[in-house]
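Structure, as structure tokens:
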There are 2 protein chains.
Amino acid sequence: MCVMSQNPPRPRWSFDEAVSRVPFLRALEAGDLKRLRPYATFRTIPRGQPVWSRDDELSHYVFLVAGHAKLCRACETGRDVILDVCAPGELLCASAVANFSPACCTCLAMDEDVTVVLLPRRDVLRMIEQSAPAAGALLHETSGRDMRLGRRIVELSSGQVERRVAALLVRLADQIGATDHAGHVQIPLRLSRQDLADLCGTTMETTIRTMTKLAREDIVHTGTLGPIITNRIRLDLLAGGAG
Amino acid sequence: MCVMSQNPPRPRWSFDEAVSRVPFLRALEAGDLKRLRPYATFRTIPRGQPVWSRDDELSHYVFLVAGHAKLCRACETGRDVILDVCAPGELLCASAVANFSPACCTCLAMDEDVTVVLLPRRDVLRMIEQSAPAAGALLHETSGRDMRLGRRIVELSSGQVERRVAALLVRLADQIGATDHAGHVQIPLRLSRQDLADLCGTTMETTIRTMTKLAREDIVHTGTLGPIITNRIRLDLLAGGAG
DNA sequence: TCTGAGACATGACGCACATCATACGCCGGT
DNA sequence: ACCGGCGTATGATGTGCGTCATGTCTCAGA
């Protein structure tokens, strides 16, 4: 299903560490966690490598423990689409696993050494049959995904490219950004120009022009860890409420 | 929460009728259905009226029994976005109900006398706590929604307006279309030009030009019940795999 | 140290499309 | 029968953006 990192898993990726980072696991009762623990496995994937590929048969629920991952789909026209960028703690895919169907997208690691925990479908489904908190936690997870995908649709429909880029950056800032003492917002996510283009439904050249313009106007700069928003008010205006 | 139709509900909107049309209800065991039945209520909403409005507090899971509904959000720029069009049998909103948060969009009836069944959140949550088929059915429902929203993102990212319109029509044809003896596909959904524009992230004028062009090329026509695809092969080509 | 690959950047050009304006047809109400 | 509102349609214009090409910089490997 995916390339297993050659280096053995770091000792700190214990099940308890995963529990501390994954809301779904935190919501489970002690008995459920105990029963689930022996079946959980970990994988660490290098940047750019797939967690899974499109049309893979998925037999595990996959939660992100560390790093970010993107859900991609290639179109026949050659253009790629990024459906979503997932943050630590989130469920990577529910639809294909729940429906016993092949994966409809490819999941790629976006940071070095992205770590996921895999929970077998059979054990998860048995657990939610027997446990109210487990079922509620999984529903909470999938409804969170719904809201994020809905927000993506609003971004993509918001108008011309500059507004779509602005809307994306505003949302990423709200979702995973960290504000420093100067009021700047660091988005800790290394996004190439092609990534931004795939997220905003445009071409890499147009995205480069947009980001260069935003840098020239001192609104957004690109740092080594990811975009830095230096004028959040202006960016909000450019996003026009779609962020 | 919404306008209640002045005419009393038609006798045929019984709970049994709702069960026959809503997959989630069909998946429930007899005992669960029996316990749920007294709490289910029905509403019939005229075309254009809201099932609920943005920021409403939702206390019920709402399933569509008859007709279609659209989930809309207005942006600060004045542009409206249609997040999704829902078909009979589907759950209209899970996120806000599950998360005890205000509705993030407005739900509007798209046909005359759209009918919904409302199931109180408390009773649904209690039921999925106690019943494996119920929890599985609700997860199946929300994961179906994920896949549809993912497909919407692909449509919106597919390129220029004509391709986005084509991708939308291809998907609607697959989802709710009916093929007649001549091979034409009737999409039984009255969509105004403004609706199509809101679904495709463009303006009403551009959509009118696109639909007029498609009609001139004898690919898609607009009938009284909704769009009619007269050349599915050409439309697939225009959609470029994003349908 | 040198080279090649990958990512970012810029230029030129032509088409797509948003915006604003106006016209037409249909339907419902008076 | 007439009028007004709504939806569809068309025209004109200017800006946005996709496409193709070329240049520059950085980094890693030989």
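In what follows, every heavy atom counts, from backbone to side chain, and hydrogens, waters and symmetry copies are set aside. By convention in this document, chain letters (A, B, ...) are assigned in the order of the sequence lines, proteins followed by strands, and residues within each chain are numbered from 1.
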*Check side-chain contact (heavy atoms from CB on, under 4.5 Å) between A:T206 and all other residues, then give those that pass, not counting sequence neighbours.*
A:V161, A:T202, A:T203, A:T210
_Between P on D:dC17 and CG on A:L196, what's the gap in Å once rounded to a whole number?_
15 Å
*Quickly work out the B:Q194 CD to D:dC6 C1' distance and round it to whole Å.*
12 Å
_Quick one: does any side-chain atom of A:R21 pair with a main-chain N or O of A:V65 as donor and acceptor, under 3.5 Å?_
yes
*Might you point out which heavy atoms bring B:G89 and B:P23 nearest each other, and give the distance in Å?*
O-CD, 3.4 Å
*Checking B:E90 side chain against B:A87 main chain: does a donor-acceptor pair fall under 3.5 Å?*
yes
*Do A:N231 side-chain atoms and A:R234 backbone N/O form a donor-acceptor pair below 3.5 Å?*
yes
*asked:* Nearest whole Å is fine: how far is C:dC17 P from B:R163 CZ?
replied: 11 Å
_In whole Å, I'd like the distance from the CZ atom of A:R190 to the P atom of D:dC27._
11 Å
*Considering heavy-atom distances to DNA chain C, does A:L191 or A:Q160 have its closest nucleotide positioned more toward the 5' end?*
A:L191
*State, to the nearest 10°, the angle formed by the axis through the first five base pairs of the helix from C:dT1-D:dA30 to C:dT30-D:dA1 and the axis through its last five.*
30°
*Of the options B:D80, B:T106, B:D195, which is the one that meets B:K70 in a side chain to side chain donor-acceptor pair (under 3.5 Å)?*
B:D195
*Rounded distance (Å) that lies between atom C1' of D:dG7 and atom CG of B:D195*: 12 Å
*Are B:E217 and B:K213 within salt-bridge range, i.e. N to O under 4.0 Å?*
yes
*In whole Å, what is the span from the CG atom of A:L238 to the P atom of D:dG16?*
13 Å
_Member of A:L149, A:L83, A:D84 meeting the side-chain contact (heavy atoms from CB on, under 4.5 Å) criterion with B:D146_ = A:L149
_If we ignore hydrogens and angles and just use 3.5 Å, is the side chain of A:D56 paired with the main-chain N or O of A:S53 as donor and acceptor?_
yes
_What is the separation between atom CZ on B:R47 and atom P on C:dC27, rounded to the nearest whole Å?_
15 Å
*asked:* Please report the distance, rounded to the nearest Å, between CZ in B:R79 and C1' in C:dT19.
replied: 11 Å
*asked:* Counting only heavy atoms and a strict 4.0 angstrom limit, can you tell me which residues of residues 197-215 of chain B come near DNA chain C?
replied: B:T202, B:T203, B:E205, B:T206, B:R209
